[in-house]
Amino acid sequence: MLVSVIIPYFKDERNIYSSVSSALKQSYNKIEIIIIDDENSKHSQYILSKLRNKKIKIFKTQKNSGVAKARNLGIKKSKGELIAFLDSDDQWKNNKLKEQIKIMEREK
């Protein structure tokens, strides 16, 4: 089951790498990471261009439209059966997705 991890990005250069890294380190690895660049500046393009991994896809908004619209765009671009939101200044523990999926499957 593919999980789409949606990360809205807006002027958070200090934290984006650790946030994405925490998603990539998940023990459940059937994921795609969708970063929505809601800053859409040359600087943000430079910062996000350093995040190279086949699981990462980066999309841009036309202008700063806010976190809700950025998340909605991420949902539209996702291919996963499940959606997980991760803020650009947050980090996950390595088993977060595995544990959540285990609980969801048990509660079916």
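A quick note: this is a predicted structure, and the numbers were derived from the prediction, not measured.
By the side chain to side chain donor-acceptor pair (under 3.5 Å) test, Lys55 pairs with no residue at all, sequence neighbours left out. For Lys57, the salt bridge (Lys or Arg N to Asp or Glu O under 4.0 Å) test picks out Glu32, with sequence neighbours left out. Scanning for side chain to side chain donor-acceptor pair (under 3.5 Å) contacts around Lys60 gives an empty result, with sequence neighbours left out. For Ser21, the side-chain contact (heavy atoms from CB on, under 4.5 Å) test picks out Lys25, with sequence neighbours left out.
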Per-pair distances, 0.1 Å, donor-acceptor, side chain in residues 79-89, under 3.5 Å, sequence neighbours excluded:
from	atom 1	to	atom 2	distance (Å)
Asp87	OD1	Arg71	NH2	2.6
Ser88	OG	Asp12	OD2	3.1

Check: residues 62-69 side-chain donor-acceptor pairs under 3.5 Å, at least two apart:
from	atom 1	to	atom 2	distance (Å)
Asn64	ND2	Asp38	OD2	3.0
Ser65	OG	Asp38	OD1	3.2
Ser65	OG	Lys63	O	3.3

Could you give me the CA-CA distance, side-chain angles and deciding distance for Gln91 and Ser19, then say whether side-chain hydrogen bond (donor to acceptor under 3.5 Å, both in side chains) is met? CA-CA 5 Å; Gln91 296 178 29; Ser19 179; over 6 Å; no

In sequence, state the C-alpha distance, the side-chain angles, and the governing distance for Glu105 and Met1, and then conclude on side chain to side chain contact (heavy atoms under 4.5 Å, CB included). CA-CA 11 Å; Glu105 287 176 344; Met1 176 175 336; 3.8 Å; yes

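No chain of hydrophobic side-chain contacts below 4.5 Å, direct or via other Ile, Leu, Val, Met, Phe, Trp or Tyr residues, connects Val3 to Ile34. The hydrophobic cluster containing Ile33 also contains Tyr28, counting ILVMFWY residues as joined when their side-chain heavy atoms lie under 4.5 angstrom apart, directly or transitively. The hydrophobic cluster containing Tyr46 also contains Ile56, counting ILVMFWY residues as joined when their side-chain heavy atoms lie under 4.5 angstrom apart, directly or transitively. At a threshold of 4.5 Å between side-chain heavy atoms, the hydrophobic network of Ile, Leu, Val, Met, Phe, Trp and Tyr places Phe59 and Ile16 in two separate groups.
Each of Asn95, Ile101, Leu97 was evaluated against Glu99; a single residue qualifies, Asn95, per the side-chain contact (heavy atoms from CB on, under 4.5 Å) test.
With rounding to the nearest 0.5 angstrom, the CD1 atom of Ile36 is 10.0 Å from the CG atom of Asn72. Taking CD of Gln100 as the start and CD of Gln26 as the end, the distance is 9.0 Å to the nearest 0.5 Å. Annotation: the span from Ser27 atom OG to Lys96 atom NZ amounts to 11.5 Å, rounded to 0.5 Å. Note that CG of Leu48 and CD of Glu13 are 10.0 Å apart. Values are rounded to the nearest 0.5 Å. Here Ser49 contributes atom OG and Ile58 contributes atom CD1; the two are 7.5 Å apart, rounded to the nearest 0.5 Å. Taking CG from Leu73 and CD1 from Ile75, the interatomic distance works out to 9.5 Å, rounded to the nearest 0.5 Å.
Side-chain N/O atoms of Asp37 and Ser44 include a donor and acceptor closer than 3.5 Å.
Looking at Tyr17, its side chain does come within 3.5 Å of a backbone N or O of Ile47 through a donor-acceptor pair.
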